[in-house]
Amino acid sequence: MRIVLLGAPGAGKGTQAKKLIEKYKIPQISTGDLLRAAVAQGTPLGKEAKSYMDKGELVPDKVVLGMVEERLKQPDCQKGFILDGFPRNTAQADALDKMLVSINMPLELALSIDVPFGDLMKRLTGRRTCKSCGQMYNIYFSPSGKEGACDKCSGELYQRDDDKEATIEKRLKVYESQTAPLIDYYGKKGILVRVPGTGSIDDIFGKVTAALGKVA
Ligand code: AP5
Ligand code: MG
């Protein structure tokens with residue numbers, strides 16, 4: 001199964017991807033997670049990326065494309081993959097298309113998780129993530145049992161640097177102008193499915209897996 005998850009910041013791409021990994025045993029490739037790991041390690045790529053991420057802007061295409069190409073070459077991607085947060089604009093989508101066609105693994109589905117813009121701010125300001133295992137929580141909607149600690153591994157929970165109101169507003173604008181056009185892009189290719197991203201995480205997952213049932 002080779003899929004792209006589309007959706008605004010806070011739509012639940014990462015949340016649904018984590019459940020898909022468990023069910024289908026295929027890796028999630030989140031460019032945001034890869035970039036945050038590079039930032040945490042203080043690599044030159046991470047330092048360059050951080051200046052864009054802190055402003056809520058997209059990191060230059062060439063940086064992200066190189067990272068994705070490397071990741072797709074790993075053996076675990078042979079069985080399939082879930083791209084999360086990539087592609088982010090039509091130039092990245094065109095480049096991905098070429099990459100996948102050249103390795104004879106074309107994309108099968110683009111799944112858009114649709115959430116009204118008004119719901120996203122609270123999801124993002126309330127998000128907390130485990131430093132150790134990456135599990136996501138939300139202080140308003142799905143808090144951990146013990147404040148500041150992960151239910152799964154007891155790791156420390158942190159708030160992302162770009163989950164501040166002003167940065168979130170910029171990210172939402174960037175999504176609207178640069179990423180939302182991909183809905184039409186994949187619609188025209190005939191591989192788009194849209195799923196409402198409101199309601200419980202499990203209900204949404206049911207709709208996601210129903211959509212994926214066609215390609216699984
Ligand atoms: P990235 O990490 O991709 O962030 P994003 O797209 O802004 O998306 P998020 O991770 O914020 O949201 P999500 O949809 O994963 O939601 P989540 O599941 O966590 O990118 C960050 C930055 O990196 C970019 O701004 C850019 O600078 C750079 N970057 C990344 N990729 C790039 C690329 N390809 N090109 C260039 N630059 C790139 O859920 C959010 C919260 O809501 C959580 O608290 C969760 O618990 C909660 N929640 C989930 N589902 C529900 C529900 N049904 N009801 C209530 N709450 C829910
Ligand atoms: Mg995410």
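All ligand and atom numbering here is 1-based and tracks the order in the structure. For clarity, every value in this text was computed on a predicted model and none was experimentally measured.
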Residues pairing under side-chain hydrogen bond (donor to acceptor under 3.5 Å, both in side chains) where one sits in residues 165-180, two or more places apart or in two chains, turn out to be D163-R171
With only distance considered, is [X] within less than 3.5 Å of ligand 1 through an N or O on each side?
X    : value
G14  : yes
D162 : no
T15  : yes
R36  : yes
G85  : yes
G199 : yes
D163 : no

With heavy atoms and a 4.0 Å threshold, my read on which part of N89 contacts ligand 1 is neither
Checklist entry - Do D114 and S112 have side-chain atoms, one donor and one acceptor, less than 3.5 Å apart? => result yes
Residue, atom name and distance, where the atom is the protein heavy atom closest to [atom]:
atom                    : result
atom 32 (C) of ligand 1 : T31 OG1, 3.5 Å
atom 19 (O) of ligand 1 : R127 NH1, 2.6 Å
atom 27 (O) of ligand 1 : E57 O, 2.6 Å
atom 24 (C) of ligand 1 : R88 NH2, 3.4 Å

Counting only pairs under 3.5 Å, give me each side-chain donor-acceptor contact of residues 182-192, with atom names and distances, residues two or more places apart or in other chains.
from	atom 1	to	atom 2	distance (Å)
Y185	OH	D94	N	3.4
Y185	OH	D94	OD1	2.7
K189	NZ	D97	OD2	3.0

